[in-house]
Amino acid sequence: MPRELARVNEVMTPDKEVPKVSIETTVLEATNVMNEKESSAVAVVDENNKVVGFFGERTLMTEFVRLNKKPEEVKVGEVMHMLYRVGPDANTKEAARAIIEYGATRLGVYDGDKFLGWVTLIGLSKNLSR
């Protein structure tokens with residue numbers, strides 16, 4: 001009998017564990033936070049502490065480097081990526097399909113407008129090996 005697929009809320013990184021920076025944070029400061037938290041990305045929040053995107057290793061390579069500026073001169077809000085959404089009850093196969101479709105490395109897990117956390121390719125792949 002095939003095993004039931006896990007739900008996104010079972011494999012996601014919860015909100016309280018997602019490293020966050022302000023939209024006004026410089027690329028230099030954001031990469032320091034990523035290094036300190038041993039994370040490949042940080043969620044970007046606006047002045048109301050609402051998650052509005054993310055800045056990650058891929059963003060650093062694809063968006064920031066092409067600007068040819070110093071990391072202390074660029075705000076993450078200028079180069080961040082949109083965070084595609086998935087619901088907490090979606091199964092891991094649906095989440096994996098969405099990540100592939102969007103060419104993303106992670107999806108924001110939302111209940112309506114409430115950010116619950118994110119699910120990453122690594123989180124999904126760990127689930128496959130169980």
May I ask whether [X] and [Y] are part of the same hydrophobic cluster, defined by side-chain heavy atoms of I, L, V, M, F, W, Y residues being less than 4.5 angstrom apart, directly or through others?
{"X": "Val119", "Y": "Val18", "result": "no"}
{"X": "Ile122", "Y": "Trp118", "result": "no"}
{"X": "Val52", "Y": "Tyr84", "result": "no"}
{"X": "Met34", "Y": "Leu60", "result": "yes"}
{"X": "Ile99", "Y": "Val11", "result": "yes"}

Distance-minimising heavy-atom pair for [X] and [Y]:
{"X": "Ala90", "Y": "Val86", "value": "CB-CG2, 3.6 Å"}
{"X": "Lys37", "Y": "Pro19", "value": "CG-CB, 3.9 Å"}
{"X": "Thr120", "Y": "Gly123", "value": "OG1-N, 3.0 Å"}
{"X": "Thr26", "Y": "Pro71", "value": "CB-O, 3.6 Å"}
{"X": "Ala95", "Y": "Val8", "value": "CB-CG2, 3.8 Å"}
{"X": "Phe64", "Y": "Val27", "value": "CD1-CG2, 3.9 Å"}

Once rounded to the nearest 0.5 Å, what's the spacing between atom [atom1] of [X] and atom [atom2] of [Y]?
{"X": "Phe54", "Y": "Ser39", "atom1": "CZ", "atom2": "OG", "value": "10.5 Å"}
{"X": "Glu24", "Y": "Asp46", "atom1": "CD", "atom2": "CG", "value": "10.5 Å"}
{"X": "Glu57", "Y": "Thr62", "atom1": "CD", "atom2": "OG1", "value": "11.5 Å"}
{"X": "Glu29", "Y": "Lys75", "atom1": "CD", "atom2": "NZ", "value": "7.5 Å"}
{"X": "Thr59", "Y": "His81", "atom1": "OG1", "atom2": "NE2", "value": "4.5 Å"}
{"X": "Thr31", "Y": "Glu36", "atom1": "OG1", "atom2": "CD", "value": "9.5 Å"}

Working for side chain to side chain contact (heavy atoms under 4.5 Å, CB included), residues Val45 and Val51: CA-CA 4 Å; Val45 299; Val51 175; 4.0 Å; yes
Check the pair Asn9, Leu116 against side chain to side chain contact (heavy atoms under 4.5 Å, CB included), reporting the backbone distance first and the verdict last. CA-CA 9 Å; Asn9 62 3; Leu116 303 177; over 6 Å; no
Look at the side chain of Arg85 and the backbone N and O of Phe115, then say whether any donor-acceptor pair between them is shorter than 3.5 Å.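 The answer is no, because no donor-acceptor pair under 3.5 Å joins these two groups.
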Short side-chain to backbone donor-acceptor contact, Glu17 and Pro14, under 3.5 Å: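 The answer is no, because no donor-acceptor pair under 3.5 Å joins these two groups.
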Using the side chain to side chain donor-acceptor pair (under 3.5 Å) rule, collect all pairs that involve residues 96-117, keeping only residues at least two apart or in two chains.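 Side chain to side chain donor-acceptor pair (under 3.5 Å) check on residues 96-117 returns Ser40-Arg106.
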For residues [X] and [Y], determine if any side-chain heavy atom of one lies less than 4.5 Å from a side-chain heavy atom of the other.
{"X": "Phe55", "Y": "Val21", "answer": "no"}
{"X": "Ile23", "Y": "Met80", "answer": "yes"}
{"X": "Lys20", "Y": "Asp15", "answer": "yes"}

Check this for me: Asn48, atom CG, are more than 12 non-hydrogen atoms of other residues, nucleotides or ligands nearer than 6.0 Å?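 Count over threshold, so yes.
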Inspect the surroundings of CD in Glu38 and state if more than 12 heavy atoms from other residues, nucleotides or ligands are less than 6.0 Å away.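 12 or below, so no.
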Name the residue from Thr25, Val42, Val76 that meets the side-chain contact (heavy atoms from CB on, under 4.5 Å) definition with Val33.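 Checked Thr25, Val42, Val76 against Val33; only one passes side-chain contact (heavy atoms from CB on, under 4.5 Å): Val42.
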